[in-house]
Amino acid sequence: MTALEDFVENVDDTHYLVGSVVGPDPFPRMVRDFQSVIGEEAREQFQERTGELPDAAVACVGGGSNAIGLFHAFRDDDVAFYGAEGGGKGPDSSEHAAPLSAGTEDVIHGMKTRVIDDDVDVHSVSAGLDYPGVGPEHAMFRAVGRCEYTGVTDDEALAAFRELSETEGIIPALESSHAVARAIQLAEDDEHETILVNLSGRGDKDMETAASKFDL
């Protein structure tokens, strides 16, 4: 809030940079390049463990910074990309945060991209995915078919949150849980031998939300 107040008071000589790959150029490129360390380290770690690249890479997508940071390192490789959006109550419902899989092309926050329809309440169980637009590079990936984007519902994300916590002792952020849920779906489809999932954050901040959803 303080940053926004300063921006409004000093608009002639101030830029406000959201911490995601959104807004007008050059900000999406700048944040992508900052976040690209995610993909570079994941690429190196995956090759160290398997000797090869993954068949697929999965990441959650709100504004899209963690996802584009992961995808950027593999963009020229034969690696399938999957983005997991905040499907909320369902991409076909009136409460979701899935502009890529269930939105329209428009202009928002200084960028031409995919946005949530006006008759939809922007909603996701994850605050980090609760955004009415998405980074323009993701909109481009969708347009050219480089990445498949799917709305993962609140219930699916919460189930993945619980499953990873119970089976691996890793508590993922609710944002990351959307990617875990999408990876589980892909594993069940058995189309890929190896799948790289980006756990973009820990779920410590989400324990109160999870406890209420699980009635604990």
Side-chain angles (χ1 to χ4, degrees), residues 1-8 10-40 42 57-75 81-88 91 95-152 157 173-179 182 198-201 205:
M1 184 60 71
T2 301
L4 283 171
E5 290 174 352
D6 183 84
F7 172 53
V8 171
N10 301 282
V11 68
D12 289 337
D13 58 4
T14 303
H15 286 294
Y16 177 69
L17 175 57
V18 181
S20 191
V21 287
V22 298
D25 187 73
F27 301 126
R29 288 188 292 118
M30 289 170 60
V31 177
R32 179 200 67 194
D33 291 347
F34 295 151
Q35 294 282 50
S36 66
V37 67
I38 296 171
E40 292 167 3
V58 186
C60 64
V61 180
S65 59
N66 91 92
I68 211 67
L70 178 69
F71 295 161
H72 190 58
F74 301 97
R75 64 189 305 146
F81 292 165
Y82 295 92
E85 296 189 280
E95 295 183 55
H96 67 77
L100 288 160
S101 54
T104 56
E105 187 176 290
D106 211 329
V107 175
I108 188 172
H109 301 160
M111 58 182 172
K112 185 176 182 180
T113 185
R114 297 275 298 185
V115 302
I116 299 294
D117 293 333
D118 290 340
D119 58 352
V120 173
D121 291 329
V122 182
H123 162 78
S124 171
V125 70
S126 165
L129 302 185
D130 193 355
Y131 180 63
V134 68
E137 194 162 8
H138 284 292
M140 181 272 291
F141 274 178
R142 176 191 177 277
V144 302
R146 182 63 184 90
C147 182
E148 178 183 306
Y149 297 93
T150 303
V152 173
L174 284 174
E175 291 87 352
S176 305
S177 299
H178 288 69
R182 186 69 183 111
N198 187 26
L199 287 182
S200 56
K205 65 180 180 57

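This is a predicted model, so every value here is computed, not measured.
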Q. For the residue pair Phe74 and Gly39, what are the closest heavy atoms and their distance?
A. CE1-O, 4.1 Å
Q: Give the minimum heavy-atom separation between Ser177 and Ala157, together with the two atoms involved.
A: CB-O, 3.3 Å
Q) About how many Å separate CG of Asp33 and CD1 of Ile68, when rounded to the nearest 0.5 Å? A) 10.5 Å
Q) Which atom pair, heavy atoms only, marks the closest approach of Gly86 to Ser124? A) CA-OG, 4.0 Å
**Q.** From His123, His96, His109, residue fulfilling ring pair (Phe, Tyr, Trp, His ring centres under 6.0 Å) relative to Tyr131
**A.** His109
(Q) Using side-chain heavy atoms (C-beta onward) and a distance below 4.5 Å, is Gln35 in contact with Val21? (A) no
Q) Would Glu175 and Ser200 satisfy side-chain hydrogen bond (donor to acceptor under 3.5 Å, both in side chains), going step by step from the backbone distance to the final call? A) CA-CA 7 Å; Glu175 291 87 352; Ser200 56; 5.9 Å; no
Q. More than 12 non-hydrogen atoms from neighbouring residues, nucleotides or ligands closer than 6.0 Å to CG on Asp118, yes or no?
A. no
Q) Got a donor-acceptor contact below 3.5 angstrom from the His138 side chain to the Gly64 backbone? A) yes
Q.
Could you tell me if the side chain of Ser176 sits less than 4.5 Å from the side chain of Leu199, heavy atoms only?
A. yes
(Q) Test your reading of the model: is there a side-chain donor-acceptor pair from Arg142 to the backbone of Leu100, 3.5 Å cut-off? (A) yes
Q) How many angstroms lie between atom SG of Cys147 and atom CE of Met140, to the nearest 0.5 angstrom? A) 10.5 Å
(Q) Within a 6.0 Å radius of atom NZ on Lys112, are there more than 12 heavy atoms belonging to other residues, nucleotides or ligands? (A) no
Q. Taking all atoms of both residues into account, what is the closest heavy-atom pair of Gly62 and Leu129, and its distance?
A. N-CD2, 3.5 Å
**Q.** Exam field: side chain Ser20 to backbone Val22, donor-acceptor pair closer than 3.5 Å
**A.** no
Q) According to the interplanar angle, ranging from 0 to 90°, do the rings of Phe141 and Phe71 count as parallel (below 30°), tilted (30 to 60°) or perpendicular (above 60°)? A) tilted
Q. Under 3.5 Å, is there a donor-acceptor pair between the side chain of Asn66 and the main chain of Cys60?
A. yes
Q.
Is any side-chain heavy atom of Glu137 closer than 4.5 Å to one of Pro28?
A. no
Q: For Thr113 and Val134, indicate whether the former's side chain and the latter's backbone hold a donor-acceptor pair under 3.5 Å.
A: yes
Q: Using atom types as modelled and distance alone, determine if a side-chain donor or acceptor of Arg114 lies under 3.5 Å from a backbone N or O of Gly103.
A: yes
Q: Could you tell me which non-hydrogen atom of Ser101 sits nearest to which non-hydrogen atom of Gly151, and how far apart they are?
A: OG-N, 3.5 Å
(Q) Nearest 0.5 Å, please: how far is CD1 in Ile38 from CG in Leu70? (A) 7.5 Å
Q | Heavy-atom closest pair, residues Gly23 and Met111 | A | N-SD, 3.2 Å
